[in-house]
Each structure stands twice: as structure tokens, then as C-alpha cells.
Amino acid sequence: MRKAAIILLLLIPSLLFADNITFSGGESSIVLRNGRENVVLSEGATVTVGSMEIAADEITLSGDGWRFVTCSGNASVLDAERGITIRTSSIWYDRSEERILISSWYEVEDITNEVSATGASLEYSLNDERLQLDKDVTLLKDTDDNGIMRCNAESVIFSRSDNTLQLRGSASINWDGDRYEAEVISVDLDTESISLDGRIKGTING
């Protein structure tokens with residue numbers, strides 16, 4: 001009976017948000033003290049919010065209505081509806097702002113847009129489907145007829161809704177035997193058009 005009561009108390013605050021939250025783990029500790037509520041899950045911990053499943057060695061839920069999800073160790077996000085997977089060592093997710101922050105090495109796989117990326121810092125706004133990838137970013141786009149477009153920069157803004165990229169800082173693109181370098185490079189992935197701004201440099205084979 002006590003276990004059922006605890007589960008009920010945990011689920012009621014989640015109604016403050018658009019999506020309810022469910023969770024499981026091999027071991028857990030629960031604090032329901034006013035102002036300090038938290039749940040710590042370990043040993044195969046998983047949290048599901050809407051279509052998104054978050055897994056890690058350890059997951060902590062905290063804040064009003066279990067607003068914050070903090071993950072450490074073999075962390076991953078799988079969102080089958082959006083078609084995106086993220087793998088890293090630590091994740092912080094704000095359910096109220098619908099924002100994921102990562103400050104460790106990550107791998108992103110976007111099967112919807114045929115894009116994959118790696119880097120060392122990431123911010124993902126779920127509301128507008130905008131990813132900001134930072135620190136030694138490598139992004140690969142499968143363009144089918146012309147092979148893989150390889151993008152490198154210190155910072156990349158990837159708009160999944162518009163299917164566009166903006167590369168800044170040591171920006172370069174290698175694609176179909178050509179190379180482009182500029183201070184800022186913009187790419188429309190639908191039309192496969194590339195725009196260069198600032199000091200530019202390139203090698204075009206043809």
C-alpha cells in the first residue's frame with residue numbers, strides 16, 4: 001500500500017506539464033520532504049516523457065512537478081516520433097522549457113533528416129526543433145546522389161523544422177570533391193545550396 005501511495009504522489013505533480021512522466025530503475029531512493037522532493041533511479045534507469053525515452057546509469061528527478069531530469073553515465077535519448085537519438089555521458093532536461101543541455105561528448109543521429117553529428121556541447125530546444133552544437137563539431141549529411149556532405153565548425157545551428165544549417169568558427173564543408181571555407185557558412189539541406197559569408201576560400205573540382 002505504501003508503495004502505491006508514493007507512486008500516486010509522484011504522478012500528480014506531473015500534470016502541471018503537457019506530458020506525464022513515467023520512470024523505472026533497478027534501485028531507487030525517494031525524498032518527499034517539502035521543497036526537497038527528488039527521486040534517484042539507478043541500475044537500468046529509464047524515464048519516459050511523451051514520445052521520448054531517456055536512459056542512463058543514474059537518473060535524478062527534481063523540482064516542482066519533477067521538472068528537471070538529470071542523467072549521468074551511459075546516457076541516451078530516444079525519440080521515435082521525432083526520429084532522433086542522442087548518446088552521451090550526461091544529460092540535463094528541463095521539462096518546463098522543453099530544453100536538453102549536454103556538456104560532454106555526444107553523438108546525434110537524426111534519421112528523419114539523414115544527419116549525424118558529434119561534438120562536446122549541445123543545446124536542444126524541442127519546441128522549435130533547434131539544435132545548437134558546439135565545440136569541435138562534425139556533422140554529416142547523406143545527400144544520396146552526391147554522397148556525404150561533411151561539415152566542420154566550432155558551432156553549428158541545426159534547424160530541424162527548416163532543415164537548415166549555420167556553421168560558425170573555422171567553418172568548412174567537404175562535399176562531392178569540393179571544399180568550402182568561410183567565417184560563416186549557411187546550408188539549405190532541402191535544396192542542397194551553400195552560402196558563404198566573410199573571408200572565403202574554396203576548391204571546386206569540375
Worksheet item: Given Cys151 and Val156, is the side-chain contact (heavy atoms from CB on, under 4.5 Å) satisfied, shown in steps?
Response: CA-CA 9 Å; Cys151 306; Val156 176; 5.7 Å; no
Discussion item. For the OH atom of Tyr180 and the CD1 atom of Ile194, what is their distance to the nearest 0.5 Å?
Written reply: 5.0 Å
Worksheet item: Quick one: do the Ser24 and Thr46 side chains pair a donor with an acceptor below 3.5 Å?
Response: yes
Worksheet item: Got a sec, which pairs hit salt bridge (charged side-chain N to carboxylate O under 4.0 Å, His left out) with one end in residues 116-128, sequence neighbours left out?
Response: Arg99-Glu123
Response to the item:
Taken to the nearest 0.5 Å, the spacing of Leu131 CG from Ile86 CD1 works out to 6.0 Å
Worksheet item: Do the side chains of Asp144 and Glu114 get nearer than 4.5 Å, heavy atoms only?
Response: yes
Worksheet entry | Inter-residue atom distance Leu41.CG - Thr60.OG1, 0.5 Å rounding | 7.5 Å
Worksheet item: Atom OG in Ser155, atom CD in Gln132: separation rounded to 0.5 Å?
Response: 4.5 Å
Discussion item. Can you confirm whether the side chains of Thr164 and Asp188 place a donor and an acceptor under 3.5 Å from each other?
Written reply: no
Response to the item:
Sorted by chain and number, sequence neighbours left out, side chain to side chain contact (heavy atoms under 4.5 Å, CB included) with Ser90 holds for Ser104
Worksheet item: If you group Ile, Leu, Val, Met, Phe, Trp and Tyr by side-chain heavy-atom gaps below 4.5 Å, do Leu196 and Val137 land in one group?
Response: yes
Worksheet item: For the residue pair Ser172 and Leu167, what are the closest heavy atoms and their distance?
Response: O-CD2, 3.8 Å
Discussion item. I'd like to know whether Glu154 forms a side-chain contact (heavy atoms from CB on, under 4.5 Å) with Arg168, so could you lay out the CA-CA distance, the side-chain angles of the two residues, the decisive distance to 0.1 Å, and finally the verdict.
Written reply: CA-CA 6 Å; Glu154 284 304 307; Arg168 291 181 176 270; over 6 Å; no
Worksheet item: How long is the gap from CG on Leu165 to CE on Met149, to the nearest 0.5 Å?
Response: 7.5 Å
Practice prompt. Please write out which residues are connected to Leu101 in a hydrophobic cluster, directly or through intermediates, given that two of Ile, Leu, Val, Met, Phe, Trp, Tyr count as joined at side-chain heavy-atom separations below 4.5 angstrom.
Written response: Phe68, Trp92
Worksheet item: Does a salt bridge link Arg82 with Glu129, judged by any charged N lying under 4.0 Å from a carboxylate O?
Response: yes
Worksheet entry | Rounded distance [0.5 Å steps], OG in Ser89 versus CG in Asp57 | 10.0 Å
Discussion item. Taking Ile91 as the starting point, is it possible to reach Leu78 by hopping between hydrophobic residues whose side chains are less than 4.5 Å apart?
Written reply: no
Worksheet item: Minimum heavy-atom separation for Thr143 to Trp175, with atom names?
Response: OG1-NE1, 3.1 Å
Worksheet item: Checking side-chain contact (heavy atoms from CB on, under 4.5 Å) for the pair Leu122/Thr88: CA distance, chi angles, key distance, verdict?
Response: CA-CA 10 Å; Leu122 179 150; Thr88 185; over 6 Å; no
Worksheet item: How does the hydrophobic cluster around Ile148 look, that is, which other residues are in it when side-chain heavy atoms under 4.5 Å mark a link?
Response: Leu140
Discussion item. I'd like to know if the side chain of Arg95 and the backbone of Val69 have a donor-acceptor N/O pair within less than 3.5 Å.
Written reply: no
Worksheet item: Minimum heavy-atom separation for Ala45 to Ile59, with atom names?
Response: O-CD1, 3.6 Å
Discussion item. Could you work out, with side chain to side chain contact (heavy atoms under 4.5 Å, CB included) as the rule, every residue matching Asp110, not counting sequence neighbours?
Written reply: Thr112, Asn113, Val115, Phe158, Arg160
Practice prompt. Run the salt-bridge test on Glu109 and Arg87 with the 4.0 Å N-O cut-off and return the result as yes or no.
Written response: no
Worksheet item: Which heavy atom of Ser62 sits nearest a heavy atom of Asn38, and at what distance?
Response: CB-CB, 4.2 Å
Fill in: Note, Val187 side chain near Lys141 side chain (heavy atom, < 4.5 Å)
no
Item to complete: Decide side-chain contact (heavy atoms from CB on, under 4.5 Å) for Asp197 and Glu183; before the verdict, give the C-alpha distance in whole Å, the side-chain angles of both, and the deciding distance to 0.1 Å.
Response: CA-CA 6 Å; Asp197 295 313; Glu183 295 176 16; over 6 Å; no
Worksheet item: Which residue pairs pass the ring-ring contact (aromatic ring centres under 6.0 Å, His included) test when at least one of the two sits in residues 99-140, sequence neighbours left out?
Response: none
